[in-house]
Amino acid sequence: MLPCLFLLGFIGLISGHILNHDIHNDIQADRVIGGNEAARNSYKWQVSLQTAHYSDPDYWSHMCGGSLISASWVLSAAHCVGFQGVIYRVALGEHSLSQNDGTEYCIKIKNIIVHPRWNPNFLANGYDIALLHMSSPAYSNGFVALAALPAENSKLPNGFPCYVSGWGATSPYGNYPDKLQDALLPVVEHSICSKPNWWGQSVQDTMVCAGGDGVRSGCSGDSGGPLSCFVDGMWQVHGVVSYGVVPYCNTYEKPTVFTRVSAFTDWIYEIFRVYGE
């Protein structure tokens with residue numbers, strides 16, 4: 001996986017371009033199990049979180065997803081990071097992982113902040129959220145933009161249309177796509193998702209469920225990626241892919257479970273205050 005390597009040298013040439021929130025409603029419905037290839041560069045905040053191969057530092061592999069939420073920070077899942085000796089980077093403006101789209105560039109991660117209450121041995125406890133500090137700021141090349149954060153502790157109503165996106169498995173048999181996929185996943189409110197025949201006590205109020213129709217879902221490789229919802233005239237990241245039934249991710253009444261971003265906006269802004277946005 002080499003498409004980003006030659007672009008790194010050009011960052012300084014156009015780093016003065018202003019990076020803005022993308023507010024265009026250009027994502028098509030019914031478009032990752034049960035989904036389809038996403039419209040190219042429609043999720044301009046979506047990143048591919050990649051790791052360097054241990055024996056070849058010039059070879060990078062997709063590991064998880066993430067969302068660009070400021071010029072210097074990417075939002076992802078705690079369970080995607082924190083492995084000793086692993087070198088991370090993010091690919092922005094990415095669509096095809098194996099080809100040079102002419103829209104992508106890559107930036108290495110210099111610091112990782114995992115929520116202090118995250119417990120890797122107790123996933124259902126929640127707090128599966130992390131902030132990745134990039135070694136240089138992201139910039140706008142027409143294919144990269146920021147996602148907005150939701151209002152503090154806001155919750156979307158049952159059935160609200162949102163989208164999961166990523167390069168995760170497209171079937172229970174581990175088929176992984178080369179190109180970004182997306183799927184429409186309506187929100188499932190907590191009172192339903194926490195019912196015994198759904199996720200029961202495994203889902204907390206700091207999480208948000210979406211999907212559960214037995215057809216569409218996030219899956220392995222989508223972890224850390226966004227649940228994107230068009231609210232108040234802009235795309236907001238309301239969830240970070242956390243867990244599901246693996247490998248049968250699209251199990252009926254077992255929707256994809258996301259960390260609810262609005263439960264952690266105070267923590268995110270505090271990290272920005274301490275380290276700089």
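Below, all heavy atoms of this structure are taken into account, side chains as well, without hydrogens, waters or symmetry copies.
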Check against ring-ring contact (aromatic ring centres under 6.0 Å, His included), His53 and Trp60: CA-CA 6 Å; His53 195 272; Trp60 297 80; over 10 Å; no

Should [X] and [Y] count as side-chain neighbours, where that means a heavy-atom distance under 4.5 Å?
| X | Y | result |
| --- | --- | --- |
| Val86 | Met63 | no |
| Ser165 | Pro226 | yes |
| Thr51 | Tyr88 | yes |
| Val81 | Ser76 | no |
| Val274 | Glu270 | yes |
| Leu68 | Val144 | yes |
| Trp198 | Cys209 | no |
| Val74 | Leu49 | no |

Consider only side-chain heavy atoms of I, L, V, M, F, W and Y, link residues closer than 4.5 Å, and tell whether [X] and [Y] are in one cluster.
| X | Y | value |
| --- | --- | --- |
| Val187 | Phe258 | yes |
| Trp45 | Ile129 | yes |
| Leu184 | Val215 | no |
| Leu185 | Tyr252 | no |
| Val90 | Phe143 | no |

CG of Leu131 to CD1 of Ile271: how many Å apart, nearest 0.5 Å? 6.5 Å

Do you know the tightest heavy-atom contact between [X] and [Y]?
| X | Y | answer |
| --- | --- | --- |
| Gly142 | Lys44 | O-NZ, 3.3 Å |
| Gly65 | Gln46 | CA-NE2, 4.0 Å |
| Glu189 | Ser191 | OE2-OG, 2.7 Å |
| Cys193 | Pro255 | SG-CG, 3.8 Å |
| Ser262 | Ala151 | CB-O, 3.3 Å |
| Leu180 | Trp167 | N-NE1, 3.2 Å |

Examine the side chains of [X] and [Y] and answer whether a donor and an acceptor come within less than 3.5 Å of each other.
| X | Y | answer |
| --- | --- | --- |
| Tyr105 | Asn141 | no |
| Asp128 | His79 | yes |
| Asp178 | Ser96 | yes |
| Glu94 | Ser48 | no |

Please determine whether ring-ring contact (aromatic ring centres under 6.0 Å, His included) holds for the pair Trp267 and Tyr127, giving the CA-CA distance in whole Å, both sets of side-chain angles, and the decisive distance to 0.1 Å. CA-CA 11 Å; Trp267 175 73; Tyr127 304 99; 9.6 Å; no

Which is it for Trp73 and Met134 under the side-chain contact (heavy atoms from CB on, under 4.5 Å) test, yes or no, and what are the steps along the way? CA-CA 6 Å; Trp73 293 92; Met134 295 181 290; over 6 Å; no

Set out, in order, the CA-CA distance, both residues' side-chain angles and the distance that settles salt bridge (charged side-chain N to carboxylate O under 4.0 Å, His left out) for Lys155 and Asp205, then state yes or no. CA-CA 10 Å; Lys155 297 179 182 179; Asp205 186 56; 2.7 Å; yes

Counting only N and O atoms by type, is there a donor-acceptor contact under 3.5 Å from the side chain of [X] to the main-chain atoms of [Y]?
| X | Y | value |
| --- | --- | --- |
| Ser67 | Ile69 | no |
| Glu253 | Thr251 | no |
| Thr170 | Pro177 | no |
| His133 | Ile113 | no |
| Glu104 | Gly102 | yes |
| Asn250 | Ile33 | no |
| Asp222 | Gly225 | no |
| Thr103 | Gly93 | yes |
| Ser70 | Glu277 | yes |

Near [X] [atom1], under 6.0 Å, is it more than 12 heavy atoms from other residues, nucleotides or ligands?
| X | atom1 | answer |
| --- | --- | --- |
| Phe83 | CZ | yes |
| Asp232 | CG | no |
| Tyr176 | OH | yes |
| Arg40 | CZ | yes |

Aromatic plane relationship, Trp199 with Tyr243 - under 30° parallel, 30 to 60° tilted, over 60° perpendicular: perpendicular

